[in-house]
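Residue numbers count from 1 along this sequence.
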Amino acid sequence: MAVEVVNTEESSIPQEEMVEKKIEAEAEAETDPVPVQTEKKVEAEAVTVPVVEKAASFREESNFLSDLKESERKALFDLRARVEEAISTKSLFVEKEKEKEKEEEGEEVKCVDEGDKLEEEVFLWGVPLLPTKGTDATDVLLLKFLRAREFKPKEAFDMLRKTLIWRKSQNIDSILCDEKNNPNSDLDEACFIDGRDREGHPVCYNVLGGLSNTGLFETEEGRESLVRWRVRMMEKGIGMLEFEPGQVVSMTQVVDLKDAPRPGKKGVRAVLKRVVDVLQDNYPEMVARTIFINVPFWYYALSAIVAPFLTQRTKSKFILSRPAATNETLLKYISPEALPIAYGGLKREGDTEFSLEDDVSEMFVKANSTETIEIPAPQVGSTLVWDLSVLGWEVNYKEEFIPSDEGSYAVIIRKGKKLNSQEGLVHNSFKNNEAGKVVLTIENNSQKKKKVLYRHKAKFLPAKGC
């Protein structure tokens with residue numbers, strides 16, 4: 001399966017121990033970031049470093065008509081004509097096989113969707129499908145079906161028709177209302193949309209470990225609820241897209257495989273195949289990339305099972321990351337201020353102190369060395385707040401306030417302590433009663449350099465009136 005692999009190797013896996021050693025060796029080469037020149041003491045206020053460069057990956061093609069090749073424009077015009085004819089003759093919702101059978105038997109072909117206003121009411125994701133009454137959004141949508149079928153108008157039209165029939169039979173247009181009427185907290189925690197990536201794509205997180213003990217794989221009703229739940233997430237994400245040339249028209253999927261149910265578990269393969277079929281057949285080009293994180297060894301066996309059901313174009317958007325490289329991989333595509341703290345970012349739920357507009361800086365702590373971050377506090381009575389995260393942690397960390405007056409005593413804000421790899425975001429604050437600076441110290445006694453992400457700000461009390 002052709003995928004971009006991070007911290008892993010070819011899908012033919014030798015003995016597990018040998019592979020593990022090879023993975024660790026490749027992790028050094030593939031995920032070790034380029035060093036940034038830093039001094040031993042960093043004045044946080046003076047440092048504004050771009051955190052991570054955008055990663056080279058699958059790039060979406062332009063949706064501007066002028067950028068299309070001549071053959072692609074011709075295919076688009078052909079698909080427009082097919083859709084126009086189908087809508088005007090009210091045959092868009094008739095399956096091709098049934099239409100052919102009725103024609104051979106001399107029966108009148110009738111549209112599944114009754115009513116004389118069909119011509120004015122055919123929409124998909126809020127986009128009008130009638131080309132002569134549509135906008136640029138109509139072309140953007142039709143191009144998705146064309147790209148999914150290699151710009152073959154006939155195949156693209158058949159896919160569009162089947163999608164519309166499927167949506168009507170499954171009542172997909174009201175599926176978000178079903179979620180409000182029948183909430184499921186287990187599923188809400190296992191799949192959710194949170195923010196956007198560096199290119200503006202909505203990010204959908206699939207935390208499959210949350211499904212292991214739900215029992216939903218064991219019954220047909222449970223399996224059906226899992227499929228519909230996954231469709232709901234797609235519909236919710238599509239609601240955040242803008243079907244216009246030059247705008248964001250696809251999503252990023254993050255699939256967390258930590259503690260995920262194994263393919264041998266009853267019902268897992270059936271659900272997987274149904275979800276793959278539904279999404280690939282009815283949501284063309286809606287995913288810019290899928291990032292698999294915390295990828296276990298058994299996933300490679302699962303890949304062999306799933307691969308035959310995926311198109312080459314779909315597989316080209318896959319990125320695999322072993323557990324040791326999860327945070328670094330996600331930060332290539334999602335900025336730290338938009339990445340949840342569970343995955344090494346700085347985004348906290350209900351954060352009232354920092355927003356996406358607040359700059360995040362970075363520094364590296366070399367192996368067997370110590371670095372400090374200094375946050376100036378020249379104004380008395382100000383409250384300093386900061387966030388800090390070390391990818392992989394396993395460092396000693398402390399916080400203290402150093403007064404400007406040499407005759408004053410330093411204040412220990414947080415005693416020195418070793419923080420392990422499971423440590424989350426460090427968030428703290430300090431109100432100063434005299435001028436000085438807050439010093440954050442990171443001591444790295446390991447053999448690998450560590451990346452530090454941090455941000456800070458000062459809050460001042462308004463001056464009192466007379």
Side-chain angles (χ1 to χ4, degrees), residues 33 35-52 327 331 336-337 339 341 344-348 351-355 357-461:
V36 175
Q37 295 293 329
T38 58
E39 296 179 333
K40 287 294 178 182
K41 290 186 178 181
V42 182
E43 290 191 7
E45 196 171 53
V47 177
T48 305
V49 183
V51 180
V52 183
N327 296 346
L331 284 167
E337 61 270 19
L339 183 65
I341 59 175
L346 304 185
K347 185 175 183 180
R348 292 181 291 124
D351 192 346
T352 59
E353 294 169 329
F354 292 101
S355 68
E357 285 69 43
D358 291 309
D359 289 333
V360 174
S361 299
E362 75 169 24
M363 63 181 288
F364 292 101
V365 184
K366 294 180 180 179
N368 296 308
S369 66
T370 299
E371 300 283 355
T372 60
I373 299 170
E374 298 183 357
I375 306 175
Q379 184 172 328
V380 177
S382 60
T383 299
L384 304 175
V385 294
W386 59 90
D387 285 339
L388 181 142
S389 181
V390 180
L391 301 192
W393 287 96
E394 297 295 345
V395 298
N396 295 320
Y397 176 74
K398 68 176 181 178
E399 304 169 345
E400 57 187 334
F401 176 76
I402 308 297
S404 299
D405 186 348
E406 295 182 358
S408 298
Y409 293 101
V411 178
I412 302 299
I413 302 173
R414 177 169 177 161
K415 293 182 179 181
K417 179 184 177 182
K418 184 173 182 178
L419 303 180
N420 62 38
S421 60
Q422 303 304 313
E423 189 71 26
L425 175 72
V426 169
H427 174 74
N428 211 347
S429 62
F430 179 78
K431 182 177 181 181
N432 65 315
N433 295 319
E434 57 181 317
K437 60 186 176 183
V438 169
V439 180
L440 314 179
T441 302
I442 303 103
E443 180 185 3
N444 178 19
N445 293 322
S446 73
Q447 300 302 310
K448 295 180 63 176
K449 62 184 173 183
K450 302 287 185 176
K451 178 183 288 185
V452 181
L453 305 173
Y454 65 95
R455 61 185 174 185
H456 75 96
K457 65 170 51 175
K459 298 190 294 185
F460 305 98
L461 293 175

Quiz item: Does NZ or CZ of K451 fall inside the cone over F364's six-membered ring, less than 6.0 Å from its centre and within 45° of the axis?
Solution: no

Quiz prompt | For K398, side-chain contact (heavy atoms from CB on, under 4.5 Å) partners two or more places apart | solution = E400, T441

Quiz item: Can you name the nearest heavy-atom pair linking E434 to S408, along with the distance?
Solution: OE1-OG, 3.0 Å

Quiz item: Any side-chain heavy atom of I442 sitting closer than 4.5 Å to one from L388?
Solution: yes

Quiz prompt | Pairwise side-chain contact, R455 with D387, heavy-atom cut-off 4.5 Å (strictly under) | solution = yes

Self-check item: Over 12 non-hydrogen atoms of neighbours within 6.0 angstrom of CG in N433
Solution: no

Practice problem: Identify, with sequence neighbours excluded, every residue that meets salt bridge (charged side-chain N to carboxylate O under 4.0 Å, His left out) alongside D358. | Solution: K457

Quiz item: Can you list every pair that meets ring pair (Phe, Tyr, Trp, His ring centres under 6.0 Å) and has a residue in residues 376-398, with sequence neighbours left out?
Solution: none

Quiz item: Looking only at heavy atoms, which two atoms of L384 and A377 are closest? And how far apart?
Solution: CD1-CB, 3.5 Å

Quiz item: Which residues pass the side-chain hydrogen bond (donor to acceptor under 3.5 Å, both in side chains) test with S404, sequence neighbours left out?
Solution: none

Quiz prompt | Separation between OH of Y454 and CD of E362, rounded to the nearest 0.5 Å | solution = 9.0 Å

Quiz item: Can you name the ring pair (Phe, Tyr, Trp, His ring centres under 6.0 Å) partners of F430, sequence neighbours left out?
Solution: F401

Quiz prompt | Residue pairs, two or more places apart or on separate chains, that pass ring pair (Phe, Tyr, Trp, His ring centres under 6.0 Å) and touch residues 407-426 | solution = none

Table please: side-chain donor-acceptor pairs of residues 414-424 below 3.5 Å, with sequence neighbours left out.
| unit_1 | atom_1 | unit_2 | atom_2 | d |
| --- | --- | --- | --- | --- |
| N420 | OD1 | Q422 | N | 2.8 |
| N420 | OD1 | E423 | N | 3.3 |

Quiz item: With sequence neighbours left out, what residues match E406 under side-chain hydrogen bond (donor to acceptor under 3.5 Å, both in side chains)?
Solution: none

Quiz item: Who pairs with N444 by side-chain hydrogen bond (donor to acceptor under 3.5 Å, both in side chains), at least two apart in sequence or on another chain?
Solution: S446

Practice problem: Check step by step if side-chain contact (heavy atoms from CB on, under 4.5 Å) holds for V411 and N432. | Solution: CA-CA 10 Å; V411 178; N432 65 315; over 6 Å; no

Quiz item: Roughly how far apart are I402 CD1 and T372 OG1, rounded to 0.5 Å?
Solution: 10.0 Å

Quiz item: Could you go step by step and tell me if K347 and L425 meet the side-chain contact (heavy atoms from CB on, under 4.5 Å) rule?
Solution: CA-CA 9 Å; K347 185 175 183 180; L425 175 72; over 6 Å; no

Exercise. Tell me, please, which residues at least two apart from S429 pass side-chain contact (heavy atoms from CB on, under 4.5 Å).
Key: T383, V385

Quiz item: Do V365 and V395 have side chains that get closer than 4.5 Å, going by heavy atoms?
Solution: no

Practice problem: Run the salt-bridge test on D405 and K437 with the 4.0 Å N-O cut-off and return the result as yes or no. | Solution: no

Quiz item: Side chains of R348 and F354: closer than 4.5 Å at any heavy-atom pair?
Solution: yes

Quiz prompt | Distance in Å, S389 OG paired with I341 CD1, rounded so as to fall on 0.5 Å steps | solution = 9.0 Å

Quiz item: In Å, rounded to the nearest 0.5 Å, how long is the span from NZ of K448 to CG of L391?
Solution: 10.5 Å

Quiz prompt | Any residue meeting salt bridge (charged side-chain N to carboxylate O under 4.0 Å, His left out) with K450, in chain and number order, not counting sequence neighbours | solution = none

Quiz item: side-chain contact (heavy atoms from CB on, under 4.5 Å) with N445: which residues, sequence neighbours excluded?
Solution: N396, E443

Quiz item: Given I375 and L440, is the side-chain contact (heavy atoms from CB on, under 4.5 Å) satisfied, shown in steps?
Solution: CA-CA 8 Å; I375 306 175; L440 314 179; 4.2 Å; yes

Practice problem: Tell me, with the steps shown, if V439 and E374 meet side-chain contact (heavy atoms from CB on, under 4.5 Å). | Solution: CA-CA 5 Å; V439 180; E374 298 183 357; 4.2 Å; yes

Practice problem: May I ask you to decide whether E371 forms a salt bridge with K366, counting only side-chain N to carboxylate O separations under 4.0 Å? | Solution: no

